[in-house]
Structures are given as C-alpha cells and as structure tokens.
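Here the structure is laid out as structure tokens; the discussion comes afterwards.
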Amino acid sequence: MALLPILCYPDPKLLTVAKSVGAVDARIQTLVSDMLVTMYEAKGIGLAATQVDVHERVIVIDTSEERDQPLVLINPEIVWKSEATHLNEEGCLSVPGIYDGVVRHDAVHVSALDETGASRRIEAEELLAVCIQHEMDHLLGKVFVEYLSPLKRNRIKTKMMKLQREESR
Ligand code: NI
C-alpha cells in the first residue's frame, strides 16, 4: 500500500475525462487500496482516481463516523436520481481549505462494480448521495468549484496558485 500524491486545483490534469475500467484485476485492486489509504490519511470522505492522476473510473468513499465502511465504486453509473435537490456545503481534497455550496440531488441510485469485480447497486441519500455525485463529477473532469460563480472561482484559483507557489519555495 502506498500514499498517492493528490492533484491540486487548478491542475489541468483534473480536467481529464476518465475511461471505463476494462477488468478489475490486481492492478485495479492495488489502485483501490492505495486510494483508500490516501483518502483516510487525508481525512477525506471520498476520492476519485482522477485526483491521483489515474484516469479510470474508480471512486472510493467512506462517509461513516467510525471511518470503517469503505465503499468502492468502479465504472459507476447513476441509474436514478431524485427530483428533489438541495444546496450542500462541499469541500474537496484537491481544493484544500475551500468550502462552498453546490446543488445536488437528494438521492441517487448507482450501479457499479466493487473491488472484486461483482456488480452492485447502491441506493444513496443525504451525505453519501452528495459524495457520490461529487466524486463522479471528478471522473468527468469536473471539480466542484466549476459550479460557483466565475468571480468566486477565479478568487479560489488565485488563492490555490499562491498556496502552491509558497509550498514549492
Ligand atoms: Ni473532490
């Protein structure tokens, strides 16, 4: 198991659209366990492969209080979403320190493969539903700040670039 470096907004690699996983093999299983370690270490509730510069449709999530219920979604597809939506405050490991409101569906049903390659269907609501929608956006090359006003987005971009310049000094 290895900790993977997480790409930081506005890294253009975060705009990459991920490809479907062909086979859930040892390589993908290693990626999944590395992503889980990385997510827990960073104290995140979700991580998409895009964020660790692997452009395949893999997501790991854990929204449990105890941090002991990892959920692995490979090739996830939303098969149903509620009409009802809600404004939720979101953050992202790729945009550290920034939290802002994004409108998401209250509930989604998702079909995906798990880390063994078995297909499963998840009925998610509340935080888990928000997290799944947020992580699935990453696989499409979309970071949550894209939903904010251009003014806010530019302010965040400037702040992130300044932060990264300071860190690389
Ligand atoms: Ni994110």
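As the structure lists them, so they are numbered: ligands from 1, and atoms in each ligand from 1.
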On a heavy-atom basis, which atom in His105 and which in Lys81 lie closest, and how many Å separate them?
NE2-CD, 3.4 Å
Count the heavy atoms of every other residue, nucleotide or ligand shown that sit under 6.0 Å from CD of Glu83, and state whether that count exceeds 12.
no
In Ser20, Ser119, Ser111, the residue satisfying side chain to side chain contact (heavy atoms under 4.5 Å, CB included) with Asn75 is Ser20
Test salt bridge (charged side-chain N to carboxylate O under 4.0 Å, His left out) applied to Arg27 - qualifying residues, sequence neighbours left out
Glu56
Listing protein N, O or S under 2.8 Å around the Ni ion (ligand 1) gives Cys92 SG, His134 NE2, His138 NE2
Do Ile61 and Ile132 come within less than 4.5 Å of each other through their side chains, counting heavy atoms only?
yes
Applying the salt bridge (charged side-chain N to carboxylate O under 4.0 Å, His left out) criterion to Arg104, which one of Glu89, Glu125, Glu90 satisfies it?
Glu90
